[in-house]
Amino acid sequence: MLHLFDTAAGKVIPFEPRQPGRVSMYVCGPTVYGPPHLGHGRFSLVFDVLRRYLLWSGLEVDYVSNITDIDDKIINRANTEGRDWSDIAEKCESVWWRAMDAIGVMRPTSDPHATDYVEQMVELIADLITRDVAYVSDDGVYFSPSVVSDYGLLARQTIESMQAGARVEVADHKHSPIDFALWKFVKPGEPSWPSPWGEGRPGWHTECVVMSLDLLGDGFDLHGGGQDLAFPHHENERAQAVAAGRTFARHWMHNGFVEVGGEKMAKSLGNFTNLLDLVESTDPRAYRLLVLRSHYRSPVEVTRASTDDAAAALRRLDSFARRVASAQLPSAMPDPTALAEFVRAMDSDLDTPAAVAQLFGLVTEVNSALDSGDTATAAALAAVVAEICAAVGLVLDAGGSEIPAEVLERAAARDTARAARDFAASDAIRDALIAEGWIVEDTATGTQVRPA
RNA sequence: GGCGUCGUGGCCGAGUGGCUUAGGCAGGGGCCUGCAAAGCCCCCCACGUGAGUUCGAUUCUCACCGACGCCUCCA
């Protein structure tokens with residue numbers, strides 16, 4: 001059974017879905033005001049791996065991930081650039097999906113937009129006011145988390161200890177520094193929606209409450225996102241849901257940061273690398289492998305060196321895939337022992353580093369079996385490799401890409417020369433092909449050529 | 001100030017009270033090959049500092065040093 005670290009519990013606990021055989025997960029998506037960076041890529045990959053693993057395990061997965069398409073940052077950028085806020089949101093969203101597609105992240109089963117849920121948010125806010133846990137101030141409607149007895153659960157701190165060193169300004173329009181805005185009254189030039197308290201727009205923390213409960217229902221299984229969302233974002237979502245008498249997420253999962261030179265990568269710090277830029281300069285699969293090689297709760301350093309390293313490791317896997325493909329192994333059931341080892345690793349809080357280590361170990365074993373002609377062993381273990389790759393979303397390149405006929409002819413000419421032991425001629429052909437950017441390898445079936 | 005994470009070999013990155021102490025990349029040697037490439041085998045290089053617990057600690061405890069994160073927008 002899958003065990004996951006639960007942020008609320010502070011430890012690894014069994015992951016038991018609300019409904020056997022079906023998992024409902026909500027992963028906080030992006031605010032679309034700029035290009036996605038490596039950090040967005042990591043959380044997307046982490047939860048994509050979890051989703052794929054659950055699917056691979058035979059479960060159905062309802063995967064909801066939102067698009068925050070109305071927010072201060074979008075409005076600010078619109079004002080700065082003299083554009084319409086919705087234009088920015090739309091363009092950035094399309095870039096987002098392009099990046100997700102590029103790194104092989106499955107599309108959510110549902111991708112709700114904040115602007116489509118404003119009415120429901122207003123309903124929730126009205127309910128919270130009725131329950132006397134929210135109040136109308138001069139610039140908006142605020143929520144008082146202090147009414148939630150276990151507020152601070154996800155921050156793993158009490159309200160008191162958080163206030164002890166509070167760097168939060170006690171603004172006039174708030175009763176308490178920890179209060180947060182549910183609704184912000186409209187200012188000139190801003191988009192707005194109607195509400196019983198006046199024209200305005202929703203605060204950030206409300207949308208996820210409404211959308212997750214609407215699409216997944218009370219007590220949905222898992223709520224996830226980056227570590228920085230645990231507090232205050234998720235804490236505040238949870239507080240609203242609890243205050244409204246709803247049952248919120250059963251399990252909380254947060255991934256560690258992408259770092260650059262030991263520092264968190266973030267748009268706000270200005271040290272981010274655009275995800276699409278990475279994908280252009282590196283095989284996108286290398287990023288997935290890099291993410292898989294470190295545990296999801298640990299930080300991962302993403303630099304030119306680390307992506308190059310992952311790309312080199314990936315070449316070994318691709319080379320393996322080509323060899324297995326050309327070996328034309330008999331179909332075989334995956335070796336049950338090896339498969340169980342993989343499941344054990346993944347069930348242990350998604351121990352993908354162990355799974356990757358096992359993957360490379362299997363590659364060596366299959367290569368050895370192939371060297372010694374033990375095709376039965378090779379086939380059974382190669383089948384496990386295929387299973388692991390499928391479960392974590394790693395697609396190996398077994399070649400088969402179109403090689404120009406002219407190049408294939410020269411490869412055949414090289415084989416002819418070699419058969420005649422005319423090595424001067426065969427090496428000349430090889431050197432020429434290499435100079436033109438091809439990788440030339442001898443195999444049992446003759447010269448193999450592929451792009452470098 | 002409060003809360004928390006981390007410090008592993010040339011680099012990246014797991015893990016563990018003692019057992020052959022992952023894996024990848026790089027480096028060295030060997031096998032294979034006409035020569036290469038790919039592959040296989042072997043080797044090299046460790047656990048921030050100090051003290052404590054223990055028969056024994058890289059792994060547990062404490063202190064210290066250092067790095068980082070959250071407490072404010074942030075994946």
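Proteins come first, then strands; the chains are lettered A, B, ... in the order of their sequence lines, and each starts at number 1.
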Quiz item: Quick one: the side chain of A:Asp442 and the base of B:rC35, do they pair up donor-acceptor inside 3.5 Å?
Solution: yes

Exercise. Give a yes or no on whether a donor-acceptor pair under 3.5 Å exists between the nucleobase atoms of B:rG34, that is its base, and the side chain of A:Asp427.
Key: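 Check passes, donor-acceptor contact within cut-off.
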
Self-check item: Pairwise salt bridge (charged side-chain N to carboxylate O under 4.0 Å, His left out) hits with a residue in residues 356-377 of chain A, at least two apart
Solution: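 Output for this query lists A:Arg323-A:Asp371.
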
Exercise. Between A:Arg156 and A:Glu441, just flag the one whose closest nucleotide in RNA chain B comes earlier from the 5' side.
Key: A:Arg156

Which residues satisfy the side chain to side chain donor-acceptor pair (under 3.5 Å) test with [X], sequence neighbours excluded?
X: A:Ser86; result: A:Asp84
X: A:Asp72; result: A:Lys184, A:Arg201
X: A:Arg107; result: A:Asp101

Quiz prompt | Nucleic acid contacts - residues 430-438 of chain A versus RNA chain B, non-hydrogen atoms under 4.0 Å | solution = A:Arg430

Practice problem: Check RNA chain B for consecutive Watson-Crick or G-U pairs with both distances under 3.5 Å and list the runs of at least three as stems. | Solution: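 Runs of three or more consecutive pairs: B:1-7 with B:65-71, B:10-12 with B:23-25, B:27-31 with B:39-43, B:48-52 with B:60-64.
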
Close N or O pairs between protein and nucleotides 40-42 of chain B (under 3.5 Å):
unit_1	atom_1	unit_2	atom_2	d
B:rC40	OP1	A:Arg316	NH2	3.2
B:rC40	OP1	A:Asn367	ND2	3.4
B:rC40	OP2	A:Arg316	NH1	3.2
B:rC40	O4'	A:Asp371	OD2	3.0
B:rC40	O3'	A:Ser368	OG	3.1

Counterpart residues, salt bridge (Lys or Arg N to Asp or Glu O under 4.0 Å), relative to [X] (two or more places apart):
X: A:Glu263; result: none
X: A:Asp427; result: A:Arg430
X: A:Asp111; result: none
X: A:Arg450; result: A:Glu441

Quiz prompt | A:Ser298 side-chain proximity, nearest of B:rG69, B:rA14, B:rA75 | solution = B:rA14

Self-check item: Aromatic-base stack, A:Phe360 on B:rG23, cutoff 5.5 Å, angle under 30
Solution: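 A stacking contact does not exist, since A:Phe360 is not both close and nearly parallel to the base ring of B:rG23.
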
Quiz prompt | Whether A:Asn367 side chain and A:Val363 backbone form a donor-acceptor pair below 3.5 Å | solution = yes

Quiz item: A:Ala428: what forms a side-chain contact (heavy atoms from CB on, under 4.5 Å) with it, not counting sequence neighbours?
Solution: none

